[in-house]
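Start at 1 and go down the list; that is how both ligands and their atoms are numbered. Model, not experiment: these values are computed from the prediction.
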Amino acid sequence: MSKQHGPLADRPVNPKVGLEISHESAPLHVTGAALYTDDLLGRYPGALHAWPLQSSVAHARITRLDVEPAYAVPGVVHVLTADDVPGVNDAGIKGDEPLFPGEIMYYGHAICWVLGETLEAARLGANAIEVDVEPLPSIMTLAEAIDAQSFQGHQRTVARGDVVSGLKDATYRFDGEFEFGGQEHFYLETNAALAHVDEAGQVFVQSSTQHPSETQEIVAHVLGLRSNEVTVQCLRMGGGFGGKEMQPHGLAAVAALGTTLTGRPVLLRLNRTQDITMTGKRHPFHATWEVGFDADHRICALRATLTSDGGWSLDLSEPVLARALCHIDNAYFVPHIEVHGRIAQTHKTSQTAFRGFGGPQGMIVLEDILGRCAPLLDVAPEELRRRNFYAPGQSTPYGQPVRHAERLADIWSILTERSELDRRRGEIEQHNQEHPHTKRALAMTPVKFGISFNLTAFNQAGALVHVYRDGSVLINHGGTEMGQGLHTKMIQVAATALGVPLDIVRLAPTRTDKVPNTSATAASSGADLNGGAIKDACEQIRTRLAVVAAGRMGIHPDDVRFADGLVTGIGFHDRQIPFAELVHDAYFQRVQLWAAGFYRTEGLHWSSERMQGEPFKYFAYGASVSEVEVDGFTGAYRLRRADIVQDVGDTLSPLVDLGQVEGGFVQGAGWLTLEELCWDCGDTPTRGRLSTQAASTYKIPSFSEMPEVFNVHLYELATESGVVYGSKAVGEPPLMQAFSVREALRAAVGAFGPTGHSVDLGSPATPEAVYWAIERARQATSSSRPANSRGALVAATPGS
Ligand code: MTE
Ligand code: MOS
């Protein structure tokens, strides 16, 4: 790197990063002009439509598949089956996801796909297909899977210290069990792919994918082509949330296969029912645990086994589990720890990435433990939490030093003040004394979330930056836009690095033929990685331009400054060269005006077998306070107020970050309180069917569930060295801020019963779950210990 490349985190004067600008597509979003994959259909006359034949049994062998009757339906052009696949019949990267299956693995599994002149023709064609199956036994629940020892993939353990003696020496010991639900992504745009082939046989797929390079690889292997024969483009997505990290690949491959066989463009867009019944969701988990506290209520040991429900195939279940194991500690130091993780195989959709990527599932286990144990330890939950925070110098169970651990306590005290915690506590107490049938409560929870892909290789990115002769700038990078504002931030980064106004920077769609070998836009690292690559490309160009400017001004190139579209030198403030003029000069001096940029995150190491190393570049911190009011007759509740402090480093784009924090929190609250996936688990003909397969039965948060008062504060003076312009990732961490909602519900439920009893709350804590928890609270006996709430928690005799 040249000297001109300043340290990654340093900001020049008048940076465009940090400015409050709205999302680069905001006007298009609100006017409806923003194009999504499905909107492009009109550009492809003669396109065919694809419709799947979905199974209506959870597990079965296909003994006969007769597609002939489909061809009798007017408008049916082709039925795609395994026989059509010239390459590998697999939609994944683990070899366990046949694109056209011989064995049905879940209710709703796509058996084959019909291509029709119209969607209706394709649908009727699919209805006409005849399938005979031989039903096989199915596993629907985690309990059934554990009983049957039905597991898939690697089992991993994170361990440190000596958990046996840690537990033995503990003053207080508790154990319990906890099972919690998954989550449907419910992105507004369902999965879509639009494929066509050009005259040279080049396959072009537009896909709603967070990982265009992997979509490209899988399309290529299904078609038996090389990667250079397939291009994948993603204009933007109407939400991904992790649900478009792996799931789009097979759908893109079906569209691509259809277009190569028929020579006509093929559109595949799932309707909501298809998307919800076919694609993977957040993993539900089951946990068993034993915890020990010392006399000062510090955690001395934790032993746990986490079992995730991976559904029918692996896809991202292993890395999701790894992140869960790496986040069970959340913000707390646990000296002796042993956590086992395993992945159940069940006959359900293949569960996959979802905002937080297993992190929330790890963290909720310890947050639940603390919430359940606090009353038994006779300590306020927030005091129990604060007391166990990491201190500077301590390391995680997997051996990574917790840098900036002091931010936890700092954020905690800032939030205590900003949320007026002490005043409100008094008001709540008074309210609860006066109201026997409604109880209010608040709770405060912290977040520590590791940023980087656990898989070290993914922590790289590329960019392509063009400066045209008129001084205008076009940037390309490997990240995808799904509403999170990545493109907005990247325009700000480029404008800052080149010292030009925002409006001369344009961003071109994400395409694999522009920037190759990209990682998924995931793990919240889109801005860190692609921003690093764009900055690198821009600085290469700026360095070359500086030589031209220095020549004109008779100064050293290091002394040239670029800001706001004007180029000056130190001590030459009276002489300014417009950026476009300098670019023009540079062109005539035959100076290269474009550059490819590259970024790799330094200092990462991870062993997935040993589960040890330093997988994260840094941690994103935060804390939140939520206040709820619960109705004792119905279990219904309101979120009265939420206050959040989020550490985003020095923000790249305050409005974008604010939106991410608000959206993440609300989505997390949805997971924890409203959204309940129900599958038919009985011994009925519809066993395996997802019964919550529409917005009418699957409740996602809407305006009415927003906190009535919602204050988000970005932690100040938080420069993160080693990240582009001192920023931190923001995409996922706020989701886990919603733990305070669940803990507030727990506290409110507790207020219906005697003090000191432990509240065991289901997750999601739906009004129904809250109602039953209230019923149990009312029956609970006084604060006597050892308490026994449903037999789950048993305190050891002190000193035993
Ligand atoms: N925000 C919006 N509006 N839509 C999304 O789909 N996905 C989330 C988060 N925020 C998402 C979102 C997830 S799962 C991740 S990993 C990050 O954005 C990905 O983008 P980033 O790396 O650019 O933050
Ligand atoms: Mo996000 S779950 O890493 O796509």
Side-chain angles (χ1 to χ4, degrees), residues 23-26 29 34 36 182-191 208-211 214 234 236-248 280-283 315-317 319-320 322-324 327 351-361 449-455 458-459 461 477-490 492-493 510 518-534 601 617 620 646 648-649 651-653 655-668 671 723-724 727-736:
H23 192 284
E24 62 41 69
S25 288
H29 289 154
Y36 298 85
Q183 186 176 20
E184 160 62 27
H185 301 87
F186 229 106
Y187 24 59
L188 289 184
E189 177 210 25
T190 51
N191 274 283
S208 59
T209 175
Q210 288 176 243
H211 199 168
E214 199 168 73
C234 179
R236 60 164 63 76
M237 284 162 280
F241 306 115
K244 293 171 181 169
E245 234 184 286
M246 284 290 301
Q247 310 291 301
K281 314 181 187 316
R282 183 189 293 286
H283 292 72
D315 74 70
L316 291 165
S317 295
V320 164
R323 188 165 275 268
H327 280 79
Q351 316 316 8
T352 192
F354 196 138
R355 206 169 192 169
F357 203 85
Q361 291 100 315
F449 191 77
I451 302 297
S452 295
F453 289 94
N454 270 73
L455 181 72
F458 279 178
N459 297 293
H477 64 89
T480 56
E481 176 64 39
M482 58 195 104
Q484 87 278 38
L486 176 61
H487 285 350
T488 312
K489 290 182 170 179
M490 296 303 96
Q492 290 178 278
V493 166
T510 313
T518 54
S519 300
T521 306
S524 305
S525 57
D528 291 15
L529 297 175
N530 296 290
I534 287 177
T601 315
K617 179 72 178 172
Q646 186 73 44
V648 300
T651 175
L652 288 179
S653 201
L655 293 181
V656 166
D657 284 355
L658 181 67
Q660 285 294 290
V661 176
E662 290 176 347
F665 174 84
V666 171
Q667 193 167 40
W671 170 49
V723 181
V724 65
S727 64
K728 276 190 179 184
V730 68
E732 295 165 288
L735 183 128
M736 291 145 272

Identify the protein heavy atom lying closest to [atom], giving its residue, its atom name and the separation to 0.1 Å.
| atom | value |
| --- | --- |
| atom 1 (Mo) of ligand 2 | Glu732 OE2, 3.6 Å |
| atom 15 (C) of ligand 1 | Glu732 CG, 4.0 Å |
| atom 8 (C) of ligand 1 | Arg355 NE, 3.9 Å |
| atom 4 (N) of ligand 1 | Met482 O, 2.9 Å |
| atom 6 (O) of ligand 1 | Gly240 N, 2.6 Å |
| atom 17 (C) of ligand 1 | Gly731 CA, 4.1 Å |
| atom 22 (O) of ligand 1 | Gly526 N, 2.7 Å |

Of the side chain and backbone of Ala729, name the one, both, or neither that has a heavy atom under 4.0 Å from an atom of ligand 1.
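The answer is neither; Ala729 stays 4.0 Å or more away.
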
Ala523, portion touching ligand 1 at heavy-atom distance under 4.0 Å:
backbone

Go through ligand 1 atom by atom and flag the ones less than 4.0 Å from a non-hydrogen atom of [X].
| X | value |
| --- | --- |
| Gly239 | 6 (O) |
| Gly483 | 2 (C), 3 (N) |
| Ser525 | 22 (O) |
| Gly242 | 14 (S) |

Looking at non-hydrogen atoms alone, which of [options] comes nearest to [atom]?
| atom | options | result |
| --- | --- | --- |
| atom 4 (O) of ligand 2 | Met246, Arg282, Gln210, Gln484 | Gln210 |
| atom 20 (O) of ligand 1 | His487, Gln484, Gln660 | Gln484 |
| atom 24 (O) of ligand 1 | Ser524, Gly356, Gly479, Gly531 | Ser524 |

When you compare ligand 2 with Arg355, is there at least one nitrogen or oxygen pair between them that comes in under 3.5 angstrom?
no

Going by distance only, is there an N or O of Ser524 that falls short of 3.5 Å from an N or O of ligand 2?
no

Just by distance, do the side chain of Thr480 and the backbone of Thr521 share a donor-acceptor pair under 3.5 Å?
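No, because the side chain of Thr480 does not come within donor-acceptor range (under 3.5 Å) of the backbone of Thr521.
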
Taking Gly664's backbone N and O only, do any of them form a donor-acceptor pair with Gln667's side chain (distance below 3.5 Å, no angle check)?
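Here the side-chain-to-backbone pair does not exist.
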
What are the two closest non-hydrogen atoms of [X] and [Y], and how far apart are they?
| X | Y | result |
| --- | --- | --- |
| Ser524 | Ala729 | O-CB, 3.0 Å |
| Met246 | Thr352 | CB-OG1, 4.2 Å |
| His29 | Ala34 | CD2-CB, 3.9 Å |

side-chain hydrogen bond (donor to acceptor under 3.5 Å, both in side chains) with His23: of His487, Glu481, Gln484, only one passes, and it is Glu481

Can you list the ligand 2 atoms lying under 4.0 Å from a non-hydrogen atom of Gly242?
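Atoms satisfying the 4.0 Å criterion: 2 (S), 4 (O).
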
For Phe354, counting its heavy atoms only, list the atoms of ligand 2 lying under 4.0 Å from any of them.
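Close to Phe354: 2 (S).
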
So is there a nitrogen or oxygen of Phe241 less than 3.5 Å from a nitrogen or oxygen in ligand 1?
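Between Phe241 and ligand 1 (N or O atoms, distance only) the closest approach is under 3.5 Å.
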
Gln210 N/O to ligand 1 N/O under 3.5 Å
no

Go through Asn530 and Lys489 one step at a time and tell me if the side-chain contact (heavy atoms from CB on, under 4.5 Å) criterion holds.
CA-CA 10 Å; Asn530 296 290; Lys489 290 182 170 179; over 6 Å; no

What's the verdict on side-chain contact (heavy atoms from CB on, under 4.5 Å) for His477 and Leu486, showing C-alpha distance, side-chain angles and the deciding distance?
CA-CA 10 Å; His477 64 89; Leu486 176 61; 3.6 Å; yes

Please report the C-alpha distance between Arg323 and Phe449 in whole Å, then the side-chain angles of each, then the deciding distance to 0.1 Å, and finally whether the side-chain contact (heavy atoms from CB on, under 4.5 Å) criterion is met.
CA-CA 10 Å; Arg323 188 165 275 268; Phe449 191 77; 3.2 Å; yes

Kindly compute the distance separating CG (Asn191) from CD (Gln247), expressed to the nearest 0.5 Å.
7.5 Å

Does Ala523 reach ligand 2, in the sense of a heavy atom lying below 4.0 Å from it?
yes

For Tyr36 and Ser208, run side-chain contact (heavy atoms from CB on, under 4.5 Å): C-alpha distance rounded to whole Å, both residues' side-chain angles, the deciding distance at 0.1 Å, then the answer.
CA-CA 8 Å; Tyr36 298 85; Ser208 59; over 6 Å; no

Does Glu732 pair with Arg355 as a salt bridge, N-O distance under 4.0 Å?
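Not counted as a salt bridge, because no side-chain N and carboxylate O are separated by less than 4.0 Å.
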
Counting only heavy atoms, which portion of Ala522 has something under 4.0 Å from ligand 2: side chain, backbone, both, or neither?
both

How about Phe354 and Lys281: do any of their side-chain heavy atoms sit closer than 4.5 Å?
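Heavy-atom side-chain distance check fails, nothing below 4.5 Å.
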
With a 4.0 Å cut-off on heavy atoms, does Ala522 reach ligand 1?
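Yes.
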
Over 60° means perpendicular and under 30° means parallel, so tell me whether Phe458 and His211 are parallel, tilted or perpendicular.
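Because their plane-to-plane angle is over 60°, the rings of Phe458 and His211 count as perpendicular.
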
For Lys244, run the side chain to side chain contact (heavy atoms under 4.5 Å, CB included) check against Met482, Glu189, His185 and tell me which one passes.
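Answer after filtering Met482, Glu189, His185: Glu189.
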
